[in-house]
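Note sheet for the following structure.
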Amino acid sequence: MNTTRQQKIASLLQRELANIFLQDSKSIYGCMITVTKATITPDLSIARAYLSIYMASDKDAVIGAVRANTKDIRFRLGQQVKSQLRIVPQLEFFIDDTLDYIENIDRLLKQ
C-alpha cells in the first residue's frame with residue numbers, strides 16, 4: 001500500500017525522468033523511450049522506473065545502455081528535483097512489456 005507521499009514522489013520522478021528521456025532518447029539510445037510507471041520504496045531510497053521502448057530492434061541492448069547510464073541519469077534527476085527532494089533515490093530501470101502483451105493478445109484474438 002503506497003502512501004500519498006510515495007505516490008506524489010513517484011509521480012514527480014516519473015515526470016522528470018520522462019523529460020530526461022525525451023531530451024536524450026533519440027540522440028543517445030537511437031529510439032524513443034517513455035516512462036510508463038514509477039514506484040518508490042517506503043523508505044524513499046529506491047525508485048523503480050518502467051520504460052516502454054519504441055523503434056528499437058534490440059530492447060535488451062537499450063535497457064542495458066540505460067542501466068549503464070544510471071549514474072548520469074540520477075545526477076540529472078537530482079538537478080531537476082533538488083528543491084523538492086532532500087535525497088535523490090537510487091534508480092532501477094525495467095522494461096515495461098504490457099503493450100507487447102496487449103498486442104500479442106489482440107493478435108491471438110484476431111486469429
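In terms of hydrophobic clustering, with Ile, Leu, Val, Met, Phe, Trp and Tyr side chains grouped at heavy-atom distances under 4.5 Å, Y101 and I53 are assigned to different clusters. With hydrophobic clusters built from ILVMFWY side chains whose heavy atoms lie under 4.5 angstrom apart, I9 does not share a cluster with Y50. Using a 4.5 Å cut-off between side-chain heavy atoms of Ile, Leu, Val, Met, Phe, Trp and Tyr, with links allowed through other members, L91 and V81 fall into the same hydrophobic cluster.
A donor-acceptor pair under 3.5 Å links the side-chain atoms of T41 to the main chain of I46, judged by distance alone. E92 contributes no side-chain N or O that, together with a main-chain N or O of R48, makes up a donor-acceptor pair within less than 3.5 Å.
With values rounded to the nearest 0.5 angstrom, Y54 atom OH is found 4.0 Å from T34 atom OG1. Interatomic distance, T3 OG1 to L44 CG, rounded to the nearest 0.5 Å: 7.5 Å. Note that the CG atom of L77 and the CG atom of L13 stand 5.5 Å from one another [nearest 0.5 Å]. Here the CG atom belonging to D72 is positioned 7.5 Å from the CG atom belonging to D24, to the nearest 0.5 angstrom. Between atom CD of residue Q80 and atom NZ of residue K82 there is a gap of 9.0 Å, rounded to the nearest 0.5 Å. For the atom pair CD1 (I33) and CE (M55), the distance works out to 10.0 Å, reported to the nearest 0.5 Å.
Looking at every heavy atom in both residues, A38 comes nearest to A10 through O-CB, 3.3 Å. Minimum heavy-atom separation, P89 to I40: CG-CD1, 3.9 Å. Between Q14 and K37, the closest heavy-atom pair is NE2-N, 3.9 Å.
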**Report entry** L17 vs I73, side chain to side chain contact (heavy atoms under 4.5 Å, CB included): CA-CA, chis, key distance, verdict
**Finding:** CA-CA 8 Å; L17 284 170; I73 295 168; 3.6 Å; yes

Requested in this report: Step by step, work out the side chain to side chain contact (heavy atoms under 4.5 Å, CB included) result for L12 and Q84.
Outcome: CA-CA 9 Å; L12 170 71; Q84 292 135 321; 4.0 Å; yes

Report task. Carefully, step by step, assess L51 and V35 under the rule side chain to side chain contact (heavy atoms under 4.5 Å, CB included). Result -> CA-CA 5 Å; L51 308 177; V35 182; 3.8 Å; yes

Query raised in the report: Given K59 and D97, is the salt bridge (Lys or Arg N to Asp or Glu O under 4.0 Å) satisfied, shown in steps?
Result: CA-CA 10 Å; K59 292 183 179 185; D97 56 359; over 6 Å; no

Requested in this report: Walk me through it: do N104 and L108 pass the test side chain to side chain contact (heavy atoms under 4.5 Å, CB included)?
Outcome: CA-CA 6 Å; N104 188 31; L108 291 173; 4.1 Å; yes

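No more than 12 heavy atoms of other residues, nucleotides or ligands lie within 6.0 Å of CZ in R5, so this atom counts as exposed by the packing criterion. Within 6.0 Å of atom CZ in R86, 12 or fewer heavy atoms from other residues, nucleotides or ligands are found, so the atom counts as exposed in its surroundings.
Between Y29 and F21, the ring planes are tilted. Angles from 30° to 60° get that label.
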